[in-house]
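Since the model is a prediction, treat every value here as computed from it, not as a measurement.
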Amino acid sequence: MDDKAFRNLMGQFATGVTVVTTNVDGDLHGMTANAVTSVSLDPLLLLVCVVRGNNCHQQLQKSSHFAVNILSAEQEDVSNTFARSGDPEAGELRGADYQLGAEGSPILAGTLGWVECRKSEVLAGGDHDIFVGEALSGEILGGDPLLFWGGGYRRIASVD
């Protein structure tokens with residue numbers, strides 16, 4: 001199987017859409033990510049897979065904490081904004097409305113929820129690194145999720 005066939009096949013697995021955010025000495029950064037999953041309930045762990053060499057990878061390497069912001073169905077524009085590469089910004093986050101969490105990670109407004117993590121481990125995974133975070137705090141804010149499937153955004157339809 002080649003990389004294109006593998007990518008197309010894995011594109012059949014619907015995922016939620018998140019923005020992973022960091023704060024390194026006041027330089028804020030965010031990256032759209034769908035390679036995010038819970039790992040463990042004891043301790044509370046999740047993972048984020050990030051391609052090596054991009055700005056978010058560099059920030060996650062430097063950072064002790066990060067946040068995972070779970071996007072709502074109304075946040076396609078937020079997803080698209082953070083899907084584009086960009087440098088970390090001093091005290092700003094690409095014009096997005098945010099507040100800093102208890103550990104200093106940016107928490108985006110309008111999300112379904114968020115979790116702030118302490119980076120606990122970094123594992124190699126092919127051309128990506130797997131950042132494991134211990135969940136320290138979070139909040140469910142509610143709404144409908146933004147999903148990604150088959151190369152595009154999707155929404156949940158209610159089944160009666």
Any donor-acceptor pair under 3.5 Å from [X] side chain to [Y] backbone:
X    : Y    : value
R52  : H128 : yes
Q75  : V17  : no
R154 : F148 : no
N23  : G104 : yes
W149 : Q12  : yes

Taking the side chain as every heavy atom from C-beta outward, state whether [X] and [Y] have any atom pair closer than 4.5 Å.
X    : Y    : result
I130 : V122 : no
R94  : E89  : yes
I107 : L100 : no
D144 : E74  : no

* **side chain to side chain contact (heavy atoms under 4.5 Å, CB included) between L108 and L93, worked out** => CA-CA 9 Å; L108 298 176; L93 196 58; 3.6 Å; yes
Any chance [atom1] of [X] has more than 12 other-residue heavy atoms, nucleotides or ligands included, within less than 6.0 Å?
X    : atom1 : answer
L141 : CG    : yes
D25  : CG    : no
L9   : CG    : yes
E92  : CD    : no

* Asked: Can you list the residues that meet the ring-ring contact (aromatic ring centres under 6.0 Å, His included) rule with Y98, with sequence neighbours excluded?
  -> none
* Can you name the ring-ring contact (aromatic ring centres under 6.0 Å, His included) partners of H57, sequence neighbours left out? -> F131
* Tell me whether V132 is reachable from V115 by hopping between hydrophobic residues (I, L, V, M, F, W, Y) whose side-chain heavy atoms are closer than 4.5 Å. => no
* From V51, V50, V19, T18, residue fulfilling side chain to side chain contact (heavy atoms under 4.5 Å, CB included) relative to M31 -> V50
* Asked: Could you give the distance from CD (E134) to NZ (K119), rounded to the nearest 0.5 Å?
  -> 14.0 Å
* Using distance alone, with no hydrogens and no angle criterion, decide if S105 and E116 have a side-chain donor and acceptor under 3.5 Å apart. => yes
* **side chain to side chain contact (heavy atoms under 4.5 Å, CB included) evaluation trace for S38 with L45** => CA-CA 6 Å; S38 61; L45 298 176; over 6 Å; no
* To do: Go through the steps to decide whether L112 and L71 satisfy the test side chain to side chain contact (heavy atoms under 4.5 Å, CB included), and finish with yes or no.
  => CA-CA 6 Å; L112 295 182; L71 299 188; over 6 Å; no
* Asked: Among T32, T21, T111, which residue meets the side chain to side chain donor-acceptor pair (under 3.5 Å) test with N69?
  -> T21
